[in-house]
2 protein chains.
Amino acid sequence: MTDKKVLSKFQNALKKENLKLTKQRLSILDNIVSNTGHRECDEIYDQLKADGKNVSRATVYRTVSILEKYGIVRKLELGDGRARYEYKYGQGHHDHMICVETGEIIEFMSDEIEEIQDKIAKENGFEIIKHIHQLFVKPIKK
Amino acid sequence: MTDKKVLSKFQNALKKENLKLTKQRLSILDNIVSNTGHRECDEIYDQLKADGKNVSRATVYRTVSILEKYGIVRKLELGDGRARYEYKYGQGHHDHMICVETGEIIEFMSDEIEEIQDKIAKENGFEIIKHIHQLFVKPIKK
DNA sequence: GTGCGTGCAAACGGTTTGCATGCCC
DNA sequence: GGGCATGCAAACCGTTTGCACGCAC
């Protein structure tokens, strides 16, 4: 998805919610689109500040939550009480492996797993809205 | 695993950590062993209170965290900021499907998925310590 | 008897919110 | 010009922690 498409997706989202396109919201979207990491709100906030954009922490939280609601951003919960966000169109769908020793985050993807979990949900009379699949791992000692 | 075995596992854990077996810790273990749900600390706390056991919220938090460390209990993070705990030997390993409409929690298990994720970790030079696999679902409309 | 455990309440930390002012539409 | 958005700081809420007293070993 091009940056232009994302912007219009964001504009549609705002319209749907009766919200306005402010320069703060734009700065936040820009920052997220041009970043591939898995970042906390505070990191996004700090980078915006470093870039000379004046946006408050509160606005980052508020905006990121809109972006999540409209599927532009994905929220990760790694079990340490701090939410991470990643840009959803930076690449295809994937899940995460987290190294408990280094904190490194490795992305993975398995069509097989996706199919099986769809099947399991269906067998139970459900359809999947979203899923979390995280492997907490450590390096294999040689 | 029988209740007796769990108790001795707990006693070993306490010994390893140089901790004492107090009546509060016992009450909490009892309550968890005889319960199959996915409960928050506060629910455990309330039930203990209802059962006439005097245990403080702080002690519930402290004990549950020991139980988790020693694999007697499993911690679930459902993304709402409140941790749930389930007794690990109530049944075999499983993951969770959460209905976003009712909050109902359905357990599921797939050997296939377990194998694939082990393989993926291994291919990346890691071994899995634990994993989280949650499907957020909604009922299929007929 | 000693030192960890407990209960209480206060602290913590990420996130949310109320309010007065500012700015998009 | 009207009303939502912003920024600030305070509130929030689940969880953790410091401290003084109590109990297991």
Side-chain angles (χ1 to χ4, degrees), chain A residues 7-8 10-32 38-49 51-70 73-85 103, chain B residues 7-8 10-31 38-49 51-70 73 75-85 103:
Chain A
L7 177 58
S8 87
F10 187 39
Q11 286 175 317
N12 286 338
L14 293 175
K15 200 160 287 172
K16 245 177 245 163
E17 295 275 317
N18 259 338
L19 301 176
K20 293 166 187 171
L21 182 62
T22 64
K23 63 177 185 306
Q24 288 90 338
R25 299 218 242 242
L26 251 184
S27 299
I28 295 168
L29 178 68
D30 266 4
N31 180 284
I32 284 171
H38 312 82
R39 297 179 301 155
E40 314 169 19
C41 281
D42 262 30
E43 294 182 78
I44 297 171
Y45 170 72
D46 287 341
Q47 278 176 32
L48 284 167
K49 214 167 190 177
D51 292 349
K53 320 272 189 191
N54 262 24
V55 179
S56 73
R57 209 180 300 270
T59 298
V60 173
Y61 277 101
R62 285 188 274 233
T63 303
V64 148
S65 128
I66 298 166
L67 291 171
E68 192 207 351
K69 179 167 180 188
Y70 282 87
V73 127
R74 182 144 84 123
K75 183 182 191 173
L76 305 178
E77 322 232 19
L78 269 40
D80 60 0
R82 275 166 290 147
R84 265 84 167 179
Y85 294 88
Chain B
L7 178 56
S8 87
F10 188 38
Q11 287 175 315
N12 286 338
L14 293 175
K15 199 160 290 173
K16 246 178 245 164
E17 296 273 319
N18 259 336
L19 300 175
K20 294 169 185 168
L21 183 63
T22 64
K23 63 178 186 303
Q24 288 90 335
R25 299 217 243 243
L26 252 183
S27 299
I28 295 168
L29 179 67
D30 266 3
N31 179 286
H38 311 82
R39 298 178 301 154
E40 315 170 19
C41 282
D42 262 30
E43 292 181 80
I44 297 171
Y45 170 72
D46 287 342
Q47 278 177 31
L48 283 166
K49 213 166 189 177
D51 291 350
K53 319 273 187 189
N54 261 24
V55 180
S56 72
R57 208 180 302 269
T59 297
V60 173
Y61 277 101
R62 285 188 276 233
T63 302
V64 149
S65 130
I66 299 167
L67 291 171
E68 192 208 353
K69 178 168 179 185
Y70 282 86
V73 126
K75 183 181 189 173
L76 306 180
E77 322 231 20
L78 269 39
D80 61 0
R82 275 167 289 145
R84 266 84 166 178
Y85 293 88

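Quick note on labels: first sequence line is chain A, next is B, and so on, each numbered from 1.
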Exercise for review: For side chain to side chain contact (heavy atoms under 4.5 Å, CB included), just list the numbers for A/L26 and A/L7, CA-CA rounded to whole Å, side-chain angles, deciding distance to a tenth of an Å, and then say yes or no.
Suggested key: CA-CA 9 Å; A/L26 251 184; A/L7 177 58; 3.8 Å; yes
Considering non-hydrogen atoms only, spot the tightest contact between [X] and [Y] and give its length.
{"X": "A/E40", "Y": "A/R82", "result": "OE2-NH1, 2.8 Å"}
{"X": "B/L14", "Y": "B/R25", "result": "CD2-NE, 4.0 Å"}
{"X": "B/C41", "Y": "B/V64", "result": "SG-CG1, 4.4 Å"}
{"X": "A/Y70", "Y": "A/E17", "result": "OH-OE2, 2.6 Å"}
{"X": "A/S27", "Y": "A/V55", "result": "CB-CG2, 4.4 Å"}
{"X": "A/E77", "Y": "B/G79", "result": "OE2-CA, 3.4 Å"}

Check your understanding: In a check of side chain to side chain contact (heavy atoms under 4.5 Å, CB included) between B/L48 and each of B/T59, B/D30, B/I28, B/N54, which one passes?
Key -> B/I28
**Study point:** Closest nucleotide among C/dC25, C/dG14, C/dG5 to the A/Y61 side chain
**Key:** C/dG14
Exercise for review: Counting heavy atoms from C-beta on, name the nucleotide in C/dC4, C/dT15, C/dT6 closest to the side chain of B/L19.
Suggested key: C/dC4
Study note, to complete from the structure: Per-helix bend value, the helix from C/dG1-D/dC25 to C/dC25-D/dG1, C1' rotation axes over five pairs per end, 10° rounding, shows 30°
What integer distance in Å separates [X]:[atom1] from [N]:[atom2]?
{"X": "B/N18", "N": "C/dT2", "atom1": "CG", "atom2": "P", "answer": "18 Å"}
{"X": "A/K23", "N": "C/dC23", "atom1": "NZ", "atom2": "P", "answer": "6 Å"}
{"X": "A/K15", "N": "C/dC24", "atom1": "NZ", "atom2": "P", "answer": "16 Å"}
{"X": "A/D80", "N": "C/dG13", "atom1": "CG", "atom2": "C1'", "answer": "12 Å"}
{"X": "A/K69", "N": "C/dT16", "atom1": "NZ", "atom2": "P", "answer": "14 Å"}
{"X": "B/R57", "N": "C/dA11", "atom1": "CZ", "atom2": "P", "answer": "18 Å"}
{"X": "A/Y45", "N": "C/dG14", "atom1": "OH", "atom2": "C1'", "answer": "14 Å"}
{"X": "B/K20", "N": "C/dC4", "atom1": "NZ", "atom2": "C1'", "answer": "4 Å"}

Point to revise | DNA chain D: 5'-most and 3'-most nucleotides touching chain A, 4.0 angstrom heavy-atom criterion | key: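 That gives a stretch of D/dG2 to D/dC8.
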Check your understanding: Is there side-chain contact between A/T63 and A/Q24, with heavy atoms separated by less than 4.5 Å?
Key -> no
Check your understanding: With sugar-phosphate meaning primed atoms plus P, OP1 and OP2, does B/R62 contact a base, only sugar-phosphate, or nothing at under 4.0 Å between heavy atoms?
Key -> base
Practice item. Under 4.0 Å between any heavy atoms, over every strand shown, what does B/D42 touch: base, sugar-phosphate, or nothing? Just pick one. Key: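 If one applies the 4.0 Å heavy-atom cut-off, B/D42 turns out to touch nothing in the nucleic acid.
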Point to revise | Given DNA chain D, 5'-ward residue of the pair B/T22 and B/Y85, judged by closest heavy atom | key: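 Residue closer to the 5' terminus by nearest nucleotide: B/Y85.
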Review point. Between A/C41 and B/N54, which has a closest nucleotide on DNA chain C that is more 5'?
Key: B/N54
Check your understanding: Using a cut-off of less than 4.0 Å, is there contact between a side-chain N or O of B/Q24 and OP1 or OP2 of C/dG7?
Key -> yes
Point to revise | Phosphate contact (C/dG5 OP1 or OP2) by B/T59 side-chain N/O below 4.0 Å | key: no
Exercise for review: Starting from the C-alpha separation in whole Å, work towards a yes-or-no answer on side chain to side chain contact (heavy atoms under 4.5 Å, CB included) for B/R62 and B/L19.
Suggested key: CA-CA 12 Å; B/R62 285 188 276 233; B/L19 300 175; over 6 Å; no
